[in-house]
Amino acid sequence: MTAPKQLNHTTLTDGLLFGEAPRYKDGLLYISDMTGRTIYTIDTQSGEKKTLCEVENQPNGMCFAPDGSLIWSSMFDAKLYRHDFTAGKNTLYADLSRVMTGYCGDMTIDSTGRVYVGDTGARVLHGEQPRPGRLLIVEAGGESVRVAEENIMFPNALFISNDGETIYCAETFGYGLLRWHMGASGRLGNRQKVWSPAVVSPSGKVGNTEEHGLVGIDGGCMDAEGGMWLSLLGLDKFVRVDQEGFVTHEIKVGGHATACALGGRDGKTFCT
């Protein structure tokens, strides 16, 4: 098997405390600074960073709706907000507090405007022990929410295949990448575990090890060829995994590899 191609990286900007959910649109990279309680825009040419809004209860997942507005999550109070760029203001999009068992985690959206949100299952930043979480579906317009799937150990790295027929979700504490077929009305079926970071762990082990710490998947996205880019905590690198499960590319970094996205003018710039 051919060794993964090693790719270099450059710094676009700094000063983030814990960057999550990068999303690219119209020359700007949008990113949640979870610990810094701020959503920023970053000019992908100059690296100039500007505050879009401050989030008292910590932002996390984000996605762009079909109308171009930004939907973002407020972790600790389990709410989604919509940023209207024309009006320049945020309004409540959906209140998930009656359904959420943990925090609002990663998010993705389908072509109809249906939002998929990870429910982490436990408030681990408030001292709770990890327990299985779920995937929630928020219908377009934010008027209803339902549970799409149960028993996911800290859902993360949500993304949809290029043909819109498959959704992927990592289990950060389950140490694997899951996928489902997306049916009518967003119904999920045929759950499969398709990849594990144990494949690239030097010891062959995952979980918290003395050598590497947590070897789990944090973020993910898909490129135009169907390659899956995944952020590997503990191993401090990003990898590209093809549809056969082979690692084709690696990007090594000097700290935890968290969230990632593809963007830039040609849609091929890897942002994290």
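Small disclaimer: the values here were computed from a predicted structure and weren't measured.
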Candidate pair Asn90 and Trp72, rule side-chain hydrogen bond (donor to acceptor under 3.5 Å, both in side chains), full reasoning: CA-CA 10 Å; Asn90 298 294; Trp72 54 268; 3.0 Å; yes
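With sequence neighbours left out, the ring-ring contact (aromatic ring centres under 6.0 Å, His included) criterion links Tyr168 to Phe159. Residues passing the side-chain hydrogen bond (donor to acceptor under 3.5 Å, both in side chains) test with Asp67, sequence neighbours excluded: Ser69, Arg82. For Tyr40, there are no ring-ring contact (aromatic ring centres under 6.0 Å, His included) partners at least two apart in sequence or on another chain. By the side-chain hydrogen bond (donor to acceptor under 3.5 Å, both in side chains) test, Asn57 is found to be paired with Asp77, residues two or more places apart in sequence or in another chain being considered. Take Asp218 and apply the salt bridge (charged side-chain N to carboxylate O under 4.0 Å, His left out) test, not counting sequence neighbours, and it matches no residue. Residues satisfying the salt bridge (charged side-chain N to carboxylate O under 4.0 Å, His left out) criterion with Lys237, sequence neighbours excluded, are Glu250. Evaluation of the side-chain hydrogen bond (donor to acceptor under 3.5 Å, both in side chains) rule for Arg146 yields Glu139 as partners, not counting sequence neighbours. Take Arg240 and apply the salt bridge (charged side-chain N to carboxylate O under 4.0 Å, His left out) test, not counting sequence neighbours, and it matches Asp223. Under the rule for a side-chain hydrogen bond (donor to acceptor under 3.5 Å, both in side chains), the partners of Asp106 that lie at least two apart in sequence or sit in another chain are Arg23. A search for salt bridge (charged side-chain N to carboxylate O under 4.0 Å, His left out) contacts involving Glu54 returns nothing, not counting sequence neighbours.
Taking the six-membered ring for Trp and thresholds of 30 and 60 degrees, His249 and Trp229 have ring planes inclined between 30 and 60 degrees apart.
Proximity of a side-chain donor or acceptor of Thr120 to a complementary backbone N or O of Tyr103 within less than 3.5 Å is detected.
Classification of Asp119 and Arg134 as a salt-bridged pair holds, one side-chain N sitting under 4.0 Å from a carboxylate O.
Residue pairs that meet the ring-ring contact (aromatic ring centres under 6.0 Å, His included) test with at least one member in residues 44-67, sequence neighbours left out, are Tyr30-Phe64.
Both Leu7 and Phe238 are part of a single hydrophobic cluster, where members link through side-chain heavy atoms under 4.5 Å apart.
Judged purely by distance below 3.5 Å, without hydrogens or angles, the side chains of Thr248 and Asp242 never pair a donor atom with an acceptor atom.
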Show which side-chain atoms of residues 176-189 pair as donor or acceptor with protein atoms under 3.5 Å away, not counting sequence neighbours.
from   : atom 1 : to     : atom 2 : distance (Å)
Arg179 : NE     : Gln192 : OE1    : 3.0
Arg179 : NH2    : Gln192 : OE1    : 3.3
Trp180 : NE1    : Glu149 : OE2    : 3.3
His181 : ND1    : Glu165 : O      : 3.4

